[in-house]
Student: 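Following this message is one structure expressed as structure tokens.
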Amino acid sequence: MNISKIIAQELNVREWQTKAAIDLIDAGNTIPFIARYRKPVTGELDDGQLRILDERLKYLRNLEEKKKTVIASIEAQGKMTPDLQKKIEDAATIVAVDDLYRPYRPKRKTRATEAKAKGLEPLAMIFLQQKSDKTPEKEAENFVCIEKGVADICEAVQGAKDIIAEMISDNAEYRAAIRNTVMKHGILHSVAKGEETESLYENYYDYQESVCKIPGHRILAVNRGEKEKILKITVEMPDEKIIKVLERATILGDSLFRQFLCEAIEDGYFRLIKPAIEREIRSWLTERAEEGAIRVFGQNLKQLLMQPPISGKVVLGWDPAFRTGCKLAVVDETGKVLFTKVIYPTAPQNKVEESKKIVLDLVKKYGITLISLGNGTASRESEAVIAEIIRECPAKLEYVIVNEAGASVYSASKLAAEEFPNFDVGQRSAASMARRLQDPLAELVKIEPKALGVGQYQHDMNQKKLEETLFHVVEDCVNRVGVDLNTASAALLEYVSGINKTTAKNIVSYREKNGMFTSRKELKNVEKLGPKAYEQCAGFLRIRNGKEPLDSTGIHPESYTYANNLLEKFGFTKTDILKKNIHFSENMKQQSKIADEIGTDPVTLRDLMKELEKPSRDPRDEMPKPVFKSDVLDFDDLKEGMVLKGTVRNVIDFGAFVDIGVHQDGLVHISEMSERFIRHPAEVVSVGDVITVTILSVDKAKKRIQLTMKG
């Protein structure tokens, strides 16, 4: 199998590109490193293409190993033929290899194996070949043997039929054809398992849809209903059509053996093939649905992590609550917690005036300009108090509602205890509210991605695959942005290319013991951070105001010589990097010539120019900023036809949930997103987008808000 060629065709790129990427992966390079610093080698394959390549590489290598194992097993049985070997070698999927191996796989005790043990396999072959001019009963007489356990003709015939049923079931071509037929014409049917009571699954009490058309979110919904023993799910197949096809493929004209073969075929289909195919189809549907849900989860997570940081502001983190009070944390521009306090403006204490005075005093004392309010319990009541505070505050003060999903998980974690050993969970949560506004990426990486509330059915899917995908999303985001080596937490550092949990902790320990890093070279002194890890991580770590100005950029140390040559050629100095007054745009047309002169290639030159022109640029700055508010909107204020600004909180298969400033997010159904046809909401919106919506309906009893983006 030419793996690099197969992947090149799937990605629609050149084979030399995939071969180069595979060699780099095999050499221990990470995807972010290859995508960023090995562009000339791979022909500029991006991180998305490289992730797909890496996944397909693993699958195809597993497929190769599977083929070797299967071939060796069949050869050991002495049953390998040139035709079978070619079919196995040409198989494109693990399922196809399993189908071919099925007749040769060692089986547990079955009706067919028992019949073979009684010496009835030759009789079954006589029935199948249909060349005898004797009746089936006459042929069966020769196989009656008390010693072998065949008491009479009926037992002999039944044993032969059992063998034929299993042979038909094990036929790879039949299975593939039946599987394809069910994929095209099968119907997934869902019914209530018991009494039809009110539940989340009412829509599925008598529901059916084509296997080829049913969307992933409905698959995951009925699966959950089945798991909770509320629904019963079946896959309805065109049984008669399939049986007729099997009969035409097996029975020759007016065969004397027709009746016996028909009975064997029907038995093999209903007893062996149909249950197995149903399991395979259900498994395939679930796998497809999970892949789609994981993909959407990953896209949402990426958008959440890449929300722009609100820098240069002293922020008051506000974690709302009723009985236990609202926890406050004042956090300075660097993320340092300056002060914490608990106030009780909500029920049952209702100390509104006292709470307002405390907050106004904090605003004046610390120069607070922004309040970051969590959207959890008592958020609406806290928001009303904040609106009053803003009206009474002489200085400019605004607030932002942030999604506090995962805050309780973080606050009770070991990591939070290490970071804030003298704080209780409420104080930690308030600090997190402020920090996730100041730098969402740095704060949110401390929380398990599944707890961030941007997916659907995440607890129902393959957890290993979900965690692996989400890790890769976080890894790509962290490395795309870059990390400040002197301020990053261990939780953030462990996502940097080439750095693991142990190395991340060692970097923080080194920093605490020896003070701030002054150059990237100093990383080589960190315990267990070897040459390979240094090569992988150095370009993604930034040092502000260090000995080497290039350390503050995304330029890799291996390219410093080229960067210095470039600066010298155009009369710039390293001081100009710090002053941010380097500009190359007029010289971009001569890239090939310039690249030769400084000793590098045009691709690397282009990246050098970008970095030197905009050192420490943050790609998150291109994302929409959160909506700053100074007044409050109540649920009772909502009216049909009202036009509002909102922030997309979650994107799922059937629409998007949008925060419009009331405690309950509104839903924009996929049908209300665009005048044109769209297959998925992700084509139109992303998590963090600020969009304009119109209210379609408000159901106060059920707290449901229907929104539209049309018009």
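For this chain, numbers begin at 1 and follow the sequence in order. Hydrogens, waters and symmetry mates play no part in the numbers below; they use all other heavy atoms, side chains included.
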Student: Is it the case that more than 12 heavy atoms not belonging to Gln463 sit under 6.0 Å from its CD atom?
Tutor: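 More than 12 within 6.0 Å, yes.
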Student: Is the shortest side-chain N to carboxylate O distance from Arg111 to Glu166 below 4.0 Å?
Tutor: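 Looking at Arg111 and Glu166, the cut-off is not met.
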Student: Does Arg282 make a cation-pi contact with Trp284 (under 6.0 Å, within 45 degrees of the axis)?
Tutor: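 Arg282 over Trp284 ring: no.
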Student: Is atom CG of Asn180 surrounded by more than 12 heavy atoms (other residues, nucleotides or ligands) closer than 6.0 Å?
Tutor: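 Yes.
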Student: Are Lys19 and Asp23 within salt-bridge range, i.e. N to O under 4.0 Å?
Tutor: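 Here Lys19 pairs with Asp23 in a salt bridge, since their nearest N and O are under 4.0 Å apart.
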Student: Is the shortest distance from a Lys or Arg side-chain nitrogen in Lys450 or Glu467 to a carboxylate oxygen in the other one below 4.0 Å?
Tutor: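 Judged by the 4.0 Å cut-off on N to carboxylate O distance, Lys450 and Glu467 do form a salt bridge.
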Student: Is the shortest side-chain N to carboxylate O distance from Asp170 to Arg175 below 4.0 Å?
Tutor: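 Salt bridge absent between Asp170 and Arg175.
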Student: Nearest heavy-atom pair of Arg102 and Lys107: which atoms, and what distance?
Tutor: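 Taking every non-hydrogen atom into account, O-NZ, 3.1 Å.
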Student: To the nearest 0.5 Å, what is the distance between CD1 (Ile164) and CG (Leu128)?
Tutor: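 With rounding to 0.5 Å, CD1 (Ile164) is 4.5 Å from CG (Leu128).
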Student: Looking at every non-hydrogen atom in both residues, tell me the closest pair between Glu278 and Val235 and how far apart they are.
Tutor: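 In terms of heavy atoms, the two residues are closest at OE2-N, 2.8 Å.
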Student: Are Glu683 and Arg676 ion-paired here, with the side-chain N under 4.0 Å from a carboxylate O?
Tutor: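 Arg676 and Glu683: salt-bridged.
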Student: Taking all heavy atoms of Val687 and all of Gln303, pick out the closest pair and write down the distance.
Tutor: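 Looking at all heavy atoms of both residues, the shortest contact is O-CB, 3.0 Å.
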Student: Strictly distance-based, threshold 3.5 Å: is any side-chain N or O of Ser132 a donor or acceptor partner for the main-chain N or O of Lys134?
Tutor: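 A pair under 3.5 Å: yes.
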Student: Which heavy atom in Val157 sits nearest to a heavy atom in Ala140, and how many Å separate them?
Tutor: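 Heavy-atom minimum between the residues: CG2-CB, 3.8 Å.
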Student: Could you check whether Lys465 pairs with Glu290 (Lys NZ or Arg NE/NH1/NH2 to Asp/Glu carboxylate O, under 4.0 Å)?
Tutor: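 Here Lys465 does not pair with Glu290 in a salt bridge, since their nearest N and O are not under 4.0 Å apart.
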Student: Restricting to non-hydrogen atoms, name the atom on Leu24 and the atom on Asn29 that form the minimum distance, rounded to 0.1 Å.
Tutor: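 Distance-wise, the nearest heavy atoms are O-ND2, 2.8 Å.
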Student: For the pair Glu209 and Arg218, find out whether any cationic side-chain nitrogen is under 4.0 Å from an anionic carboxylate oxygen.
Tutor: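 Answer for the salt bridge query: yes.
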Student: Is the number of heavy atoms from other residues, nucleotides or ligands under 6.0 Å of Arg288 CZ greater than 12?
Tutor: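 Yes - once you tally the heavy atoms of other residues, nucleotides and ligands closer than 6.0 Å, there are more than 12.
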Student: Using modelled atom types only, decide if a donor and an acceptor are shared between the side chain of Lys710 and the backbone of Ser671 within a distance under 3.5 Å.
Tutor: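 Side chain of Lys710 to backbone of Ser671: a pair is present.
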Student: Is the closest side-chain donor-acceptor distance between Asn2 and Ser4 under 3.5 Å?
Tutor: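 Distance-only check passes for Asn2 and Ser4.
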Student: Show the nearest heavy-atom pair for residues Gly43 and Gln17, with the distance to one decimal.
Tutor: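 Reported closest heavy-atom pair: O-NE2, 3.1 Å.
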Student: Is the closest basic N to carboxylate O distance between Lys161 and Glu266 below 4.0 Å?
Tutor: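 Answer for the salt bridge query: no.
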Student: Is it true that Asp659 and Arg649 have a side-chain N and a carboxylate O under 4.0 angstrom from each other?
Tutor: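 Answer for the salt bridge query: yes.
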Student: Has Glu240 got more than 12 heavy atoms of other residues, nucleotides or ligands less than 6.0 Å from its CD?
Tutor: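 Not more than 12 within 6.0 Å, no.
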Student: Measure from the side-chain N and O atoms of Tyr205 to the backbone N and O of Ser190, and report whether any donor-acceptor pair falls under 3.5 Å.
Tutor: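 No, Tyr205 side chain to Ser190 backbone: no donor-acceptor pair under 3.5 Å.
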Student: Charged N to carboxylate O below 4.0 Å: is that the case for Asp267 and Arg271?
Tutor: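 Looking at Arg271 together with Asp267, the answer is yes, because their closest N to O distance falls below 4.0 Å.
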